K.L.:
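Here it is, the structure in full.
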Amino acid sequence: MIQPFTPDPLRWVADDGQPIRELPARFTPGVLRDLHRDMVRAREFDRKLVTLLRQGRTTFYAQSRGMEATQVGLARSIRVGHDWVWPYYRDHALGLTLGVPLLDLVSQCLGTNSDPSRGRQMPHHFAAKRQNFVSISSSIASQVPPAAGNALAQKYLGVDEITVCTFGDGATSEGDWHAGVNMAAVNAAPCLFVCENNQWAISTPLRGQMASETVHVKARAYGMPGYLVDGNDIIAVMEVMSHVAQEIRQGSGPALVECLTYRVGSHSNADADAEKNYRTREEVALWTGRDPITRVEGLLEHLGHPVSAEERAGLIAATHREVDEAVRQAEASGQPDWRIMFEDVYADLPVHLREQAASLRAEQTGGQA
Amino acid sequence: MTATESRPTAQGGGTQGPRTLTLIQAVTEALREELSRDERVVVFGQDVAARGGVFLATAGLQAEFGERRVFDTPLSEASIVGAAVGMAVRGMRPVAEIQFADYMGPGFDQIVSQAAKIRYRSGGQFTAPLVIRTPSGGGVKGGHHHSQSPEAYYTHTPGLKVVMPSTPYDAKGLLKAAIRGHDPVILFEPKRLYRAAKGEVPAADYTVELGRGAVRREGRDLTLIGYGGVMPDVEKAAQALSKEGVEAEVIDLRSLVPWDRDLVLTSVEKTGRAVLVSEAPRTANFMGEVAYVIQEALFDRLLAPVSQVAGFDTPYPYVQDRIYLPGANRIAAACVKTLNF
């Protein structure tokens, strides 16, 4: 039985991959290998995108290195294209695992014609209708009240869906976070709140962010269960998420799951020297030793199904090829036409935008309207 | 009524002819009819259920439509507006009430970052067709937290539509059009006209298209343009001028985003003079945009500079409530000055 409000993070597998609880039967070696592949794919996507950034082919990227178990585990615990997700800006591993095409993700980061968001948003802020993956917003915690409303609509419409809302630890300082969580709780809306607690809000550590011991205890004040999970243990993430999602589906109302993890990389390219500026080498080394991918590799080895060096290298190479191909296709699709700028502001183009578009057309064509 | 408004039909309403309603009765009737017409419509906010809203705009609706269609929320503008965004994205038609426009501050980020942007930033994959209704403007001795006119903040945000009626007919027709539309709309309701403005409203179904102004009075000497709570004073000023032999054409903008530039420009081209009236503070007032467009399009046709009568750049005062507002005298004086330029 999975209990809320535990003082220590719920975990199934130790840092070195040794099980510390009986492994649920569904985690067969085959399933574990699939999860391992998903996490490697997400990490290598990260690596390649940082390279693209350094090459100047994109302008912004927020790494999720170290947080793969939280995001992949969450994605594998909900119903793709059925449940709804209001994500935050570091959720590409979540999107990727939910099945957002890698080409769409790369295209969004490059702002090319193949970007489903049509080049309107800064890189790494994608939206995917097929996965009910609602557009990522930069403004912190602003997705939380809408997620509550989304869940309220699901309850009203009587549909068998839940809403997932993700955010970082910093978001819990925002008024919108409290407003949204309370709104969902009061209305018993089917909303799964997931805190990806990576312990840093840009350069502000958790202790500068909150005086409470953990995030998950805040759930008690709102009248909902709160769970604390080792976010680098994908078994723990999936066990708790599946359990909580099931409870929510059965009408329990919202719940909060805090996944304790770590942002190994910098916040973004804007603070590339995170270690030098505001974190210690020791802290980063400690958490690198708790890596979610090597933990699953340790578990597979323990179960007698080790991932060989060749296999891992093959996975990495395959992802790199996949990203390279996506970049090629994205760049070949060209830049979005200037006309796109005026579309989707409103359902229809009002007269003042029509005139502004006409004036830009004249400018673009040297007066030839 | 303009040619683009939908004319009354028997659908959604009774078969009786026009009745005289107050502006707030027209709002209630619009909500009742839209709740009846479309199951996806829900009405919510602070105190809207059993109490019927602070001005009683939603009185009786919960009793009629039940606790799921008309409900109270926690006291949080961020969650009221934010929940409306999420409900709209998931396929409903939320109509949220904010008790006073002055209180929209905590919901501001939800309005500008979420409601206004989600269609654009998702490439049209997700949309938020919601309506926020809120009483605005002064004249009720409410002090600055119950009297402000913050519409300019929202007109400055692409993706939002902003409307402000001054008659019961327009209040009902604009609200119904907003609920049926596909964009987020903020409907500012001039609170001092809630019960002061009375007029004929058809019992049958009709809408007023967003973006169309209305000519309230025809004239040849100058064009007086206003919206919302100032309109009765604008018309009073026009009547006073008429007694002096000056015929002002009076235009009620009704919609600020989008606004009816053709109507305004046609009129000012005819009269050669424009006086713009609003009660919002003068600096960065929405009428500054109207003035800009007039001078850009009609510079060589203008017989006098475009003039503005507005509120003052002070927080809205309590004791000087009526002095702050641009009354008929101040409006008429601005017209005389323009005529004598």
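Model, not experiment: these values are computed from the prediction.
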K.L.:
Assess the side chains of A:Thr163 and A:Gln154: does a donor N or O sit below 3.5 Å from an acceptor N or O?
P.N.:
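Side-chain D/A pair, A:Thr163 to A:Gln154: present.
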K.L.:
Please identify, among A:Ser142, A:Ala148, A:Ser139, the residue contributing the most non-hydrogen atom pairs under 4.5 Å to chain B.
P.N.:
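If we count pairs closer than 4.5 Å to chain B, A:Ser142 comes out on top.
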K.L.:
Please rank A:Ala151, A:Ser135, A:Gly180 by heavy-atom pairs under 4.5 Å with chain B and give me the top one.
P.N.:
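Heavy-atom pairs under 4.5 Å are most numerous for A:Ser135.
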K.L.:
Picking from B:Ser76, B:Pro258, B:Ser122, which has the most non-hydrogen pairs under 4.5 angstrom with chain A?
P.N.:
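Of the candidates given, the most pairs with chain A belong to B:Ser122.
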K.L.:
Between A:Lys129 and A:Asp104, does at least one N-O distance fall below 4.0 Å, as a salt bridge requires?
P.N.:
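No, no charged N to carboxylate O under 4.0 Å.
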K.L.:
Cut-off 3.5 Å, side chains only: do B:Arg121 and B:Gln114 have a donor facing an acceptor?
P.N.:
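Short answer, yes.
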K.L.:
For each of A:Val159, A:Leu157, A:Leu353, A:Asp115, tally heavy-atom pairs with chain B at distances under 4.5 Å, and name the one with the top tally.
P.N.:
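Winner by heavy-atom pair count: A:Leu157.
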K.L.:
Tell me, out of A:Arg118, A:Arg120, A:Met183, A:Lys155, who's got the most heavy-atom pairs with chain B below 4.5 Å.
P.N.:
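Maximum pair count with chain B is reached by A:Arg120.
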K.L.:
Between B:Lys117 and chain A, which part of the residue has a heavy atom less than 4.5 Å away: side chain, backbone, both or neither?
P.N.:
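Neither part.
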K.L.:
Are the charged groups of B:Glu64 and B:Arg69 less than 4.0 angstrom apart, N to O?
P.N.:
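No, this pair does not count.
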K.L.:
Before accepting this row, confirm whether a basic side-chain N of the pair B:Lys176/B:Glu33 lies closer than 4.0 Å to the acidic partner's carboxylate O.
P.N.:
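Here B:Lys176 pairs with B:Glu33 in a salt bridge, since their nearest N and O are under 4.0 Å apart.
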K.L.:
Which answer fits B:Glu39, side chain, backbone, both or neither, if we ask what part of it has an atom under 4.5 Å from a heavy atom of chain A?
P.N.:
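Contact with chain A is through both the backbone and side chain of B:Glu39.
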K.L.:
Is A:Met122 close to chain B through its backbone or its side chain, or both, or neither, when contacts mean heavy atoms under 4.5 Å?
P.N.:
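Neither part.
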K.L.:
Please classify the contact between A:Glu174 and chain B as side chain, backbone, both or neither, with a heavy-atom cut-off of under 4.5 Å.
P.N.:
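Neither the backbone nor the side chain of A:Glu174 comes within 4.5 Å of chain B.
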K.L.:
Heavy-atom cut-off 4.5 Å, strictly under: side chain, backbone, both or neither for A:Val134 against chain B?
P.N.:
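The answer is both parts of A:Val134.
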K.L.:
Taking the six-membered ring for Trp and the single ring otherwise, decide whether the centroids of B:Phe126 and A:Phe133 are under 6.0 Å apart.
P.N.:
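Between A:Phe133 and B:Phe126, which both carry aromatic rings, the centre distance is not below 6.0 Å.
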K.L.:
Select one option (side chain, backbone, both, neither) describing which atoms of B:Val257 are under 4.5 Å from chain A's heavy atoms.
P.N.:
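Side chain only.
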K.L.:
Let me know if B:Val42 has heavy atoms under 4.5 Å from chain A in its side chain, its backbone, both or neither.
P.N.:
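Side chain only.
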K.L.:
Heavy-atom distance under 4.5 Å to chain B: side chain of A:Pro350, backbone, both or neither?
P.N.:
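Contact with chain B: side chain only.
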K.L.:
Is it the backbone or the side chain of A:Glu343 that comes under 4.5 Å from a heavy atom of chain B, or both, or neither?
P.N.:
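Answer is backbone: N, CA, C or O of A:Glu343 sit under 4.5 Å from chain B.
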K.L.:
Does A:Asn132 reach the main-chain N or O of A:Val85 with its side chain, forming a donor-acceptor pair under 3.5 Å?
P.N.:
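Flag not set: sc A:Asn132 to bb A:Val85 has no pair under 3.5 Å.
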K.L.:
Any luck finding a side-chain donor-acceptor pair between B:Glu151 and B:Tyr227 under 3.5 Å?
P.N.:
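Indeed, the side chains of B:Glu151 and B:Tyr227 share at least one donor-acceptor pair under 3.5 Å.
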K.L.:
Is it the backbone or the side chain of B:Ser79 that comes under 4.5 Å from a heavy atom of chain A, or both, or neither?
P.N.:
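Both backbone and side chain of B:Ser79 come within 4.5 Å of chain A.
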K.L.:
Would you tell me whether A:Gln71 and A:Glu196 have side-chain atoms, one donor and one acceptor, within less than 3.5 Å of each other?
P.N.:
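A pair is found: one side chain offers a donor N or O, the other an acceptor, under 3.5 Å apart.
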K.L.:
Can you say whether B:Arg119 sits under 4.5 Å from chain A via the side chain, the backbone, both, or neither, judging by heavy atoms?
P.N.:
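Both parts, heavy atoms under 4.5 Å.
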K.L.:
For the aromatic rings, using the six-membered ring if either is Trp, is the centroid distance between A:Phe167 and A:Tyr88 under 6.0 Å?
P.N.:
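Distance test on ring centres: not under 6.0 Å, no.
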